[in-house]
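Right, one structure below, let's go through it.
Convention: sequence-line order gives letters A, B, ...; per-chain numbering from 1. These numbers come from the heavy atoms of this one structure, side chains and all, not from hydrogens, waters or symmetry mates. All values reported here derive from a predicted model rather than from experimental measurement.
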2 protein chains.
Amino acid sequence: MAGRRRGFDREEVLDQVTRAFWRSGYDATSVADLTKLTGVNPPSLYAAFGDKKALFNEVVERYRRTYGAFTTRAVDEEPTARLAVERVLREAAVEYIAEDRPRGCLILSAPELGHLRKAAIAALEDKIRHDVDTGELPARTDPHALAVYVAAVVRGMSDLARDGATREELHHVAEVAMSAWPSPVP
Amino acid sequence: MAGRRRGFDREEVLDQVTRAFWRSGYDATSVADLTKLTGVNPPSLYAAFGDKKALFNEVVERYRRTYGAFTTRAVDEEPTARLAVERVLREAAVEYIAEDRPRGCLILSAPELGHLRKAAIAALEDKIRHDVDTGELPARTDPHALAVYVAAVVRGMSDLARDGATREELHHVAEVAMSAWPSPVP
DNA sequence: TGTCTTTTGTAACGAACACTACAGATTTGG
DNA sequence: CCAAATCTGTAGTGTTCGTTACAAAAGACA
């Protein structure tokens, strides 16, 4: 038996909340900020999403499936680790500076999401290791070290974007970073 | 005409406060945390350092002169940009994981200190440009792009340290990162 | 229409926040 | 030893935090 219908679009509110957490972080974004931003009063917000922590968790999941999905897609779709990393860096330079969004990466900016970052490094490391095994990369290549290096560069790019870097600067970073990629022995 | 003497060591308290801000950041560190940590009651703390913002500013200045001085020293003391960057990366891998301190870099972790980061990039860029002018680096080298690349790597190393990376991992990042350094044309 | 269920706005809760009024304690200078 | 000056601990200030009690409003089903 149903009752009164929700007076707001759950997805639209979730996107507004995502951008707020993305811009300012979890702690610096108050529930009062969110109610003012969305026009949804506290009881409705809590009924729809649970408490602030649960709302943030849902925001993170949504972010992974939308704004943050380009990294996973590159690693999954590109045939080699080199092409995957090239694409991640090239796309990050665009994504992290997109005009109608907060800058940088929500996940890379949230201290409590280290497990997601660790998983991303492991996935890239596996892809690198595969290329070492097939001879696509030299046998001397250390897959873990190379994956952690890429992680460092991407995090640096996200931080720089938040500091106001330009798209050209990030593209330069990507270009220079790729020149550290191991070249096969002849 | 003097009165009652201060009951605590100002420098010692300042160091404890520095580590608190360093570990948890400005917002997440409450004045109540600081009074509990140092044993100094609020009125004494405010009399000695001013308000929370002024205290943080003094902490940052102190950090620059102590824990964070190794980067400036490397750029000032090393004869070439390459040696300076090599040294910054090598020392960062040690400094950012030191056992009796918070991990990472206080300045790189504080969103409001972008001006200090910008100044550090400019200083490195100048050193790189000097080496381009003297022929130490190839003429095609873009000093700004290379400096921003180094900034990205260092920030990534600081972030990784906070996430629990090991010293070996950071050393690997430094090593791989240096292989992107331009080599002179023969 | 009447009843049941769910959402809504108002208005508050206790806790934690940065900060300070005030009075007693402690020191130097006269 | 007295008086002026500085520091200390207690106990507050008003504000904001996340969260919720409550009753009116609104739609679904009998």
Which whole-number value in Å describes the distance from Arg10(B) CZ to dC7(D) C1'?
14 Å

Just how far, in rounded Å, is P of dG9(D) from CG of Leu45(B)?
12 Å

Between Phe21(B) and Arg23(B), is there a cation-pi geometry (under 6.0 Å to ring centre, at most 45° from the normal)?
no

Closest heavy-atom contact between Asp163(B) and Pro111(A)?
OD1-O, 4.5 Å

Flag this pair as yes if the NZ/CZ of Arg6(A) is under 6.0 angstrom from the six-membered ring centre of Phe8(A) and inside a 45 degree cone about the axis; otherwise no.
yes

Polar side-chain atom of Arg103(B) near backbone of Ala161(B) as donor-acceptor pair, under 3.5 Å:
yes

Are any protein N/O atoms closer than 3.5 Å to N/O atoms in nucleotides 24-26 of chain C? If there are, list each pair with its distance.
residue: dA25(C); atom: N3; partner: Arg4(B); partner atom: NH1; Å: 3.2

For Asn41(A) and dG9(C), is the shortest distance between a side-chain N/O and OP1 or OP2 below 4.0 Å?
yes

Looking only at side-chain N and O atoms, does Ser44(B) come under 4.0 Å of OP1 or OP2 in dC7(D)?
no

Each nucleotide of nucleotides 11-23 of chain D classed B (base within 4.0 Å of a protein heavy atom), S (only sugar-phosphate) or -, in 5' to 3' order, makes ------SSBBB--

Rounded to whole angstroms, how far apart are CZ on Arg6(A) and P on dG27(D)?
15 Å

Please assess Arg19(A) against Tyr67(A) for the test side chain to side chain donor-acceptor pair (under 3.5 Å), listing each intermediate value before the final yes or no.
CA-CA 11 Å; Arg19(A) 286 156 184 270; Tyr67(A) 304 106; 3.1 Å; yes

Tell me, please, whether Tyr26(B) has Lys53(B) positioned over its six-membered ring: NZ or CZ under 6.0 Å from the ring centre and within 45 degrees of its axis?
yes

Mind calculating the distance between CZ (Phe56(B)) and C1' (dA18(C)) to the nearest angstrom?
16 Å

Go through the side-chain N and O atoms of His144(A) and Glu169(B) and say whether any donor and acceptor fall under 3.5 Å apart.
yes

For Glu11(B), which residues count as a salt bridge (Lys or Arg N to Asp or Glu O under 4.0 Å) partner, sequence neighbours excluded?
Arg62(B)

